[in-house]
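Worksheet: one structure, shown below.
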Amino acid sequence: SDLASMLDFLDLLPLMAVSRWFRHEFPRCVRALDMRWCAYDLLVGALVDPEDFVPRSYMKRFDKIQTLVVDLFDIDSQEPKGFTYYLVIGGALGSLVEMGCYPHLQSLRIEVASMHAGELTDHEEEADEYESVLKDPREPYSFCPWVHSLAECLIRAMQTGAAPVLTDITVVDDDGLAYFSSGDAGPQMREPGGTRAERDRLRQIRRVLAKATAGSAKRVAAQGKGCALSTGDS
């Protein structure tokens, strides 16, 4: 299991392609899964069935993972924001967590591209200064609906008990600024932008995510205290 925990997703894919054992049994040994640096077409094919866009069955076999890191962007893409790729990949990841496929998941880090996850609302994207001010957390920023939908999947997963020990969530872009971060030492969050309804939605999602992760942390602490008491009684 120590070896398995060191392998990233790119290491696992060719093995799963040629070995039934690696495809069906080995994922259950993995405790930390790193899904960064995948080309976008590789990630789509690995995560979802291209025929009906449902998650691949073998992705449900990583049911012992405690840490998951994944990037959801194709940095070279010229497609418009919110195009099908992000809807499919974000939806598949959210669905896997919400269905309870990863009940031991404690830490989830999702990396997105600032140019693809939303836009600044006080600057034109074609302006010369756009890329430089994009790095400023004080600039109002409006996130795409697919980012909100993914966050709402995570909220439901924690509220229903599908992800009962998920205490650490970070959704951060390639400028180092966050949609959300549950840790006090995490990246700085972007200033909400867009219409009043859009700003209110982001603030509400952040509040509920913070409450849900804090609730999970309390449950984990209580379980640990109970285990310690049981051990002491025995």
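On a predicted model such as this, the values are computed, not experimentally measured, just so you know.
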ask   = Taking it one step at a time, do Arg196 and Asp200 satisfy side-chain contact (heavy atoms from CB on, under 4.5 Å)?
value = CA-CA 6 Å; Arg196 180 175 180 177; Asp200 288 346; 3.6 Å; yes
task = Apply the test side-chain contact (heavy atoms from CB on, under 4.5 Å) to residues Val165 and Gln66: give CA-CA distance (whole Å), side-chain angles for both, the deciding distance (0.1 Å), then the verdict.
result = CA-CA 9 Å; Val165 295; Gln66 299 171 354; over 6 Å; no
query = Run the side-chain contact (heavy atoms from CB on, under 4.5 Å) check on Leu96 and Lys60 step by step: do they pass?
reply = CA-CA 7 Å; Leu96 287 164; Lys60 301 175 184 178; 3.9 Å; yes
ask   = What's the verdict on side-chain contact (heavy atoms from CB on, under 4.5 Å) for Lys64 and Val30, showing C-alpha distance, side-chain angles and the deciding distance?
value = CA-CA 6 Å; Lys64 298 296 190 299; Val30 178; over 6 Å; no
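Following chains of ILVMFWY side-chain contacts shorter than 4.5 Å, one can reach Trp146 starting from Ile89, so the two form part of one hydrophobic cluster. Tracing side-chain contacts under 4.5 Å through hydrophobic residues (I, L, V, M, F, W, Y), one never reaches Ile169 starting from Val172; they form parts of separate clusters. Two different hydrophobic clusters hold Leu177 and Leu202 under the rule that ILVMFWY side chains link at heavy-atom gaps under 4.5 Å. Hydrophobic clustering of Ile, Leu, Val, Met, Phe, Trp and Tyr side chains at less than 4.5 Å, counting indirect connections, keeps Ile65 apart from Val69. Tracing side-chain contacts under 4.5 Å through hydrophobic residues (I, L, V, M, F, W, Y), one reaches Leu108 starting from Met99; they form part of the same cluster.
Closest of all the heavy-atom pairs between Gly194 and Arg199 is O-NH1, 2.8 Å. When all heavy atoms are compared, the tightest approach of Tyr86 to Leu72 is CE2-O, 2.7 Å. The two residues Glu198 and Ser142 come nearest to each other via the heavy atoms OE1-OG, 3.6 Å. Shortest non-hydrogen contact noted between His24 and Pro27 is C-CD, 4.1 Å. Between Glu124 and Tyr130, the shortest heavy-atom contact is O-CD1, 3.2 Å. Here the closest heavy-atom approach between residue Ala117 and residue Val112 is recorded as CB-CG2, 3.9 Å.
Glu191 contributes atom CD, which lies 10.0 Å from atom CG of Asp136 (distance to the nearest 0.5 angstrom). A distance of 7.5 Å separates CD1 in Ile110 from CG in Leu68, rounded to the nearest 0.5 Å. To the nearest 0.5 Å, the span separating CZ on Arg203 from CE on Met189 amounts to 11.5 Å. The structure places CG of Leu150 at 12.5 Å from SG of Cys144, a figure rounded to the nearest 0.5 Å. Atom-to-atom distance recorded for Gln188:CD and Asp175:CG is 12.5 Å, nearest 0.5 angstrom. Note that CZ of Arg156 and SG of Cys153 are 4.5 Å apart. Values are rounded to the nearest 0.5 Å.
Within the 3.5 Å criterion, the main-chain N or O of Arg23 finds a donor-acceptor partner in the side chain of Arg61.
Under a cut-off of 6.0 angstrom, the local environment of CD in Glu129 is crowded, with over 12 non-hydrogen atoms contributed by other residues, nucleotides or ligands. Residue Arg207 places its CZ atom among more than 12 non-hydrogen atoms of other residues, nucleotides or ligands, all under 6.0 Å distant.
Between Asp71 and Arg36, none of the side-chain N atoms (NZ, or NE/NH1/NH2) sits under 4.0 Å from a carboxylate O, so this pair counts as no salt bridge.
Residues Gln106 and Thr67 form no side-chain contact, since every pair of their non-hydrogen atoms from C-beta on lies 4.5 Å or further apart. Considering only heavy atoms from C-beta on, Glu152 comes within 4.5 Å of Arg201 through its side chain. A 4.5 Å side-chain heavy-atom check between Met115 and Leu134 finds at least one atom pair inside the cut-off. Side-chain contact check for Met35 versus Leu93: every heavy-atom pair is 4.5 Å or farther apart. You'll find the side chain of Asp168 stays beyond 4.5 Å of the side chain of Thr213, heavy atoms only. A heavy-atom distance below 4.5 Å is found between the side chains of Leu209 and Met158.
Between Phe143 and Tyr179, the ring planes lie perpendicular to each other; the angle is over 60°, past the 30° to 60° tilted range.
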